[in-house]
2 protein chains.
Amino acid sequence: MTQVPRRPLTLRDVSEASGVSEMTVSRVLRAHGDVSQMTREKVLLAAKELGYVPNKIAGALASQRVNLVAVIIPSMSNMVFPEVMMGINDILEETDLQPVVGITDYLPDKEEKVLFQMLSWRPSGVIIAGLEHSDASRKMLKASGIPVIEIMDIDGTPIDCAVGISHRRAGRKMGEAIIQSGYKKIGFMGTKMPLDHRARKRFEGFTESLAKAGIEITDHEFYSGGSALVKGRDMTRDMLERSPDLDFLYYSNDMISAGGLLYLLEQGIDIPNKIGLAGFNGVELLQGLPVELATMDACRKEIGQAAAKIICDKLEGTFVESDKILELTPTLSRGATLRKLN
Amino acid sequence: MTQVPRRPLTLRDVSEASGVSEMTVSRVLRAHGDVSQMTREKVLLAAKELGYVPNKIAGALASQRVNLVAVIIPSMSNMVFPEVMMGINDILEETDLQPVVGITDYLPDKEEKVLFQMLSWRPSGVIIAGLEHSDASRKMLKASGIPVIEIMDIDGTPIDCAVGISHRRAGRKMGEAIIQSGYKKIGFMGTKMPLDHRARKRFEGFTESLAKAGIEITDHEFYSGGSALVKGRDMTRDMLERSPDLDFLYYSNDMISAGGLLYLLEQGIDIPNKIGLAGFNGVELLQGLPVELATMDACRKEIGQAAAKIICDKLEGTFVESDKILELTPTLSRGATLRKLN
DNA sequence: ATGAAAGCGCTAACAC
DNA sequence: GTGTTAGCGCTTTCAT
């Protein structure tokens, strides 16, 4: 039976167990500097026997290097940020950098707190969602002296670098596609905007493009709370009761649009001829619905990958300063809920 | 324009700017020990002006306390672990502890690596999914000398504490409910088991209960990769082509069962009379399907909360040693896809 | 190829 | 209420 130690093991313990100086033990364990094969084996054996786990706190303090990348995102619950994380992971896995995630719940105050916490661990870089931050947050980020990549959005002024799509343009593009398809009475459902800047920008771009065609939104509804099927279902029912003449429904995310879709199908409504619909994000999870949804993918994984890559390049000094803003282009999937151009 | 500093600020900088000793500055910033109102204000002002962010690395090394809780889970992509995280957050938010997440992708090797990385930051506690770990992992956990809570599952021997449900019992319970409802030709669809011990245990419990009723599974299919609607749809179609006489389909998670449900509805099959179905997890996200799915909730949030609570209690020394294993009881929702008892 | 000394930025413990 | 001293466990640097 292994005894639970009263004190965690240190390099010194390994040093004594192997009869090699602490310094050499450190070199072996970090695979850094020349050590003879024999010494190396002795040390490795001793470390394994003891079950030694190096203390990164001490290591980081001494070396002034922390192989952590702070990733600050609003939420984990709607499937879009997990996909960004996967992109980040793809790249960081090849390096010795490790992502550490902080959640803001779309709250600037919480963002500030989380950021402060994160920065106090002196990470090697920060990836943070959005371009809108409190003054204090911007100040902290600037003062940190580490690479800062703002992701998801490029409609604004980045602190350092930005990788994302133009949500304004995305909204506009969807608006244009809808109008070209001949829809005229359009309803919108989405999250309450003040919190979610990207949803707001999409909405703005959307209404702009409608305005150009001389169309105004017929009805709209904003909700708060998680984006679930049932939310989309209920909002859609309510809206159609209120405004029975709608011929198109634009949703700020795929999950609620899927809820709406299921409701419309149940009602036996002809999609996309009587009513068309579209969502946003292009979440893979929802592939397999009875009717393929029109949506626009937000390049989530690519954004994560590109952001992580920039961090790596900056740390290696191979970053090209001209590439401070990377705009990706979302592709529109017409699915089967947006009728053919007429 | 703020100048990017060549070197991060230290306590000494705040000390000099405020004319107060480093020690007192430290006391103010940690709200620890008595400091006069005047000194406190001077220090706070100076710190804010400079934009000082404390160095937790140094603080942790000096105090030998790290307010981090390592949370090690298999995946973030199927909505069950994010909910566990929320439960953990609920509790930790009230304390000064911070969760740090590591992902294992259900791979023991990766779990070992992630665990090693995590432990090298000397966290105050570990919450880890499952009871099955490599020998090396178990050894590390035991040797760490910190609270270790294994979550999700209680069918096995915990290292220290365990919070979860009995998946074997859950599978058995669902099997019994299905049999009582009069179904006889039962198909099973789920993840490839060797990776996912909890799915395996549910499956074992399930087949056990069928066996007791003298029934054997008629057909089964195991898949790997993400659990998406389309997966459930395709597997269901294939299975029904292969075994058209099935009258019940049991899925190892809600997402694939939702895919199956949508497929069956499209085919105009009478649910739950011709064919019944059930999933597992009770994910909120899926509320709002055309027909409410039979499922069993896995107490995800409660598990997270309970695990975090135990960590807190252990750190405060208020943990009652008799409560090392906490078994929660999943509730069966019959939905509308499991016909009434006959 | 290996070791010795100094110190990373902070806090515990003890003075005053 | 405030200051001083001595480390925390490692890595850097320089010596051998």
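Labels below follow one simple rule: chain letters A, B, ... track the order of the sequence lines, proteins then strands, and each chain is numbered from 1. Since the model is a prediction, treat every value here as computed from it, not as a measurement.
Distances were taken from every side-chain heavy atom of A:Ala62 (C-beta onward) to each of C:dA1, C:dT11, C:dG7; the shortest belongs to C:dG7. In the set D:dG9, C:dG9, D:dT4, D:dT4 carries the atom at the smallest distance from any side-chain atom of B:Met23. Of the candidate nucleotides D:dC8, D:dC10, C:dA12, D:dC10 has the atom nearest to the side chain of A:Ala58. Comparing D:dT12, D:dG1, D:dT4 by their closest approach to the side chain of A:Ser63 singles out D:dT12.
In this model, the phosphate group of D:dG1 is not approached by any side-chain N or O of B:Thr39 to a distance below 4.0 Å at OP1 or OP2. Using a 4.0 Å cut-off, no side-chain N or O of A:Ser26 falls inside it from OP1 or OP2 of D:dC10. A sub-4.0 Å separation between OP1 or OP2 of C:dA1 and a side-chain N or O of A:Ser36 is absent. Remark: A:Tyr52 is in phosphate contact with D:dC10, judged by side-chain N or O atoms under 4.0 Å from OP1 or OP2.
At whole-Å resolution of the value, CD in B:Glu22 and C1' in C:dG7 are 14 Å apart. We find that CG of A:Leu11 is positioned 13 Å from P of D:dC8, with the value rounded to whole Å. Computed from coordinates, the A:Asp13 CG to D:dG9 P distance equals 9 Å when rounded to whole Å. Look at CZ on A:Arg12: it is 13 Å from C1' on D:dC8, rounded to the nearest Å. Rounded to whole angstrom, the span from the CZ atom of B:Arg30 across to the C1' atom of C:dA13 amounts to 12 Å. The distance between atom CD of B:Gln64 and atom P of D:dA6, rounded to the nearest whole Å, is 19 Å. Taking atom CD1 of residue B:Ile57 and atom P of nucleotide C:dT11, one finds them 13 Å apart after rounding to whole Å. For the pair A:Leu9 CG and D:dC10 P, the computed distance is 10 Å after rounding to whole Å.
Using a cut-off of 4.0 Å between Lys/Arg side-chain N and Asp/Glu carboxylate O, B:Lys314 and B:Asp160 are scored as salt-bridged. The pair B:Asp153-B:Arg198 fails the salt-bridge criterion, with no side-chain N (NZ, NE, NH1 or NH2) lying under 4.0 Å from an Asp/Glu carboxylate O. A salt bridge links B:Arg7 with B:Asp13; the closest basic N to acidic carboxylate O contact falls under 4.0 Å. A salt bridge links B:Asp313 with B:Lys309: at least one charged nitrogen is closer than 4.0 Å to a carboxylate oxygen.
With the nearest nucleotide of DNA chain D identified for both A:Thr10 and B:Ser21, B:Ser21 has the one nearer the 5' end. Each of A:Leu61 and B:Arg40 lies near DNA chain D, and the nucleotide nearest B:Arg40 is the one positioned closer to the 5' end.
Within the 4.0 angstrom heavy-atom criterion, only backbone atoms of the sugar-phosphate kind lie near A:Asn55; the bases stay farther away.
Two residues are said to be in side-chain contact when any heavy atoms from C-beta on lie closer than 4.5 Å; B:Leu141 and B:Glu150 fail this criterion.
Under 3.5 Å, the side chain of B:Arg27 and the base of D:dG3 form at least one donor-acceptor pair of N or O atoms.
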